[in-house]
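Okay, structure first, notes after.
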Number of protein chains: 2
Amino acid sequence: MKEGPDISIVAALIGNPACANMLTALLAGSALTATELAHEAGLTLSTVSGYLSKLGRAGLVAIERQGRHRYFRLADRDVAIALEALMPVATRAGHLRVRTGPRDPELRRARSCYDHLAGDLAVKMYDRFVERKLLAGKSDSLRVTDEGRRFFAKAGIDTDALDNGRRPLCRPCLDWSERRTHLSGSLGAAVFRYLLDRGWAVAERKTRIVRFSPAGEQKARDWFSR
Amino acid sequence: MKEGPDISIVAALIGNPACANMLTALLAGSALTATELAHEAGLTLSTVSGYLSKLGRAGLVAIERQGRHRYFRLADRDVAIALEALMPVATRAGHLRVRTGPRDPELRRARSCYDHLAGDLAVKMYDRFVERKLLAGKSDSLRVTDEGRRFFAKAGIDTDALDNGRRPLCRPCLDWSERRTHLSGSLGAAVFRYLLDRGWAVAERKTRIVRFSPAGEQKARDWFSR
DNA sequence: TTCATAGTTTGATGATTCCCGAAGTATGGC
DNA sequence: GCCATACTTCGGGAATCATCAAACTATGAA
């Protein structure tokens, strides 16, 4: 019976909804701290910590120490691939259950991804930023161009100040609904705040849905399209 | 928290060692009856039956009735892909356990992956096909060249006919043992059948091991190398 | 040093799961 | 019709798991 590696020990970990949530959160690409993950999955710090050490021992996540912070991220690309590969099967599995609200499409359209925007519109925005050369570089080494810095400064976003924190300024983040990239990192967060502050969109509490008013969406599009 | 499909319900199923064993058994490609699977996993028929209905409801396995027999197989390729994708992560996770039989090397060498060939030799074959420009294109859009169509036609494989199904003709499939790509899709299946029909290799029953005779391997290499 | 923050470890407990045996249902052969 | 085979459903007991609160450790800041 024992042929090939034992899938089940890994799958069992992912099979825990809490772990699955944490992992999908990490699938976004950015490294998160234990406290952030606890918040993300709606669990106690102790619970999360326990799981993280398990996930670490199993080679699913890796730790990066920075002072008293520990940043967790997916151990490597294989893990991300495995998680992604489970998604198509899971959608069908889920469809058999009595669940399907109007929520799903809304989530796909625009949602918060930890502290930045994800979904259809976020992807469009990201593409436009790249197209306008406000952002440059490949997935691993994305950076803000000088022109980008000027653009964001006009919106009151001081990229130099953001860049000082220990958090990366901008990172690409892979989107499950779109299978394409959107903007994460402290700049991603700042841009998200910009959209909210302006009243163009409202983040629905507890659900991650981000609701744009028709006028707000138009204004947002105008802003990032030129 | 509910963003994206719920991976965990699928993963939890695979996370059960019994189910994992049954699924990996089915990964070999052939449909098996509940009794065979019970034997395979060392469980009672009642237990297996229970799991199978769960797996069926979750869209992981499908049933084919034939008289009083019910043949179970993996529901579709997505499931096979997901299972294969878990393997690389599992190998590392498994390193903490004491395990490694003589089977392992044999599996790495050549094995069936759902309905096509995987492992060392399969990767070499794939590389050669690309080198000879019988296949072209990047991962997402792999296609058979005209020269490729002629080559396969000589082996009695009618690519045009294969292309009619709704299954993709050829797809690259990532290999857990090699970390490289081999050929999947209906062409991959046809090529596998070609090797077996010719008696160059035999698919060992119940395990996924594919055993090439020394002469058979040489002939296979000659075939795809030129 | 001393405090506050970040994270780990350690029980404890309530829920869930795993798996079986026994009894029930469907299908084909005689 | 009747039996054997192939499978499903039911009920239940032991084991495991998920999760928490509280106590502990480590790190940076004042």
Side-chain angles (χ1 to χ4, degrees), chain A residues 1 6-26 30-58 60-73 93 97 114 164-167, chain B residues 1-2 6-26 30-58 60-73 93 97:
Chain A
M1 247 105 297
D6 187 0
I7 303 254
S8 68
I9 63 187
V10 175
L13 283 171
I14 310 177
N16 179 336
C19 289
N21 279 336
M22 289 159 52
L23 289 170
T24 25
L26 291 174
S30 58
L32 297 174
T33 126
T35 323
E36 288 168 328
L37 282 169
H39 195 255
E40 180 74 22
L43 296 172
T44 338
L45 188 59
S46 68
T47 308
V48 164
S49 171
Y51 287 147
L52 281 173
S53 74
K54 264 192 186 174
L55 290 170
R57 241 175 292 135
L60 289 175
V61 306
I63 320 177
E64 279 162 23
R65 284 155 206 264
Q66 263 178 49
R68 67 176 140 186
H69 292 268
R70 277 145 207 273
Y71 284 89
F72 294 88
R73 56 175 176 74
R97 326 188 94 211
Y114 188 51
N164 285 336
R166 59 185 199 281
R167 184 173 179 197
Chain B
M1 251 98 298
K2 271 273 166 52
D6 188 359
I7 303 252
S8 69
I9 61 185
V10 175
L13 283 171
I14 309 177
N16 178 338
C19 288
N21 279 336
M22 290 161 47
L23 289 170
T24 23
L26 291 174
S30 61
L32 298 173
T33 134
T35 325
E36 286 168 328
L37 283 168
H39 196 257
E40 180 75 21
L43 296 171
T44 338
L45 189 58
S46 69
T47 309
V48 164
S49 171
Y51 286 148
L52 282 174
S53 75
K54 264 192 186 173
L55 291 170
R57 239 173 295 134
L60 289 176
V61 306
I63 320 176
E64 279 162 22
R65 285 156 205 262
Q66 262 179 52
R68 64 176 141 188
H69 292 268
R70 275 147 206 274
Y71 284 91
F72 293 87
R73 55 176 177 75
R97 327 188 95 206

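So you know, we letter chains A, B, ... as the sequences are listed, proteins then strands, and number each from 1.
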- request: Using a 4.0 Å cut-off on protein heavy atoms (strictly under), produce a 5'-to-3' string for nucleotides 8-21 of chain C with B for base contact, S for backbone-only sugar-phosphate contact, and - for none.
  value: BB--------SSBB
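- No side-chain heavy atom of A/I14 sits under 4.5 Å from any side-chain heavy atom of B/I14.
- Looking at heavy atoms from C-beta onward, A/V61 lies in side-chain contact with A/L23 at the 4.5 angstrom threshold.
- We find that CG of A/L55 is positioned 14 Å from C1' of D/dA18, with the value rounded to whole Å.
- As a whole-Å value, the separation of A/Y71 OH from C/dT5 C1' is 13 Å.
- Comparing the start and finish of the helix from C/dT1-D/dA30 to C/dC30-D/dG1, five pairs each, the helix axis swings through 30°, to the nearest 10 degrees.
- For B/T47, the side-chain contact (heavy atoms from CB on, under 4.5 Å) test picks out B/L43, B/T44, B/Y51, with sequence neighbours left out.
- Rounded to an integer number of Å, the gap from CG of A/L37 to P of C/dG7 is 9 Å.
- A/E36 contributes atom CD, which lies 10.0 Å from atom CG of A/L26 (distance to the nearest 0.5 angstrom).
- The side-chain contact (heavy atoms from CB on, under 4.5 Å) test applied to B/A38 returns B/L45, B/V48, not counting sequence neighbours.
- Heavy-atom minimum distance, A/F72 versus A/L37: CB-CD1, 4.2 Å.
- Look at CD1 on A/I9: it is 17 Å from P on D/dT16, rounded to the nearest Å.
- No side-chain heavy atom of A/M22 sits under 4.5 Å from any side-chain heavy atom of A/L32.
- Atoms CG and SG, on A/L52 and A/C19 in that order, are 8.0 Å from each other to the nearest 0.5 Å.
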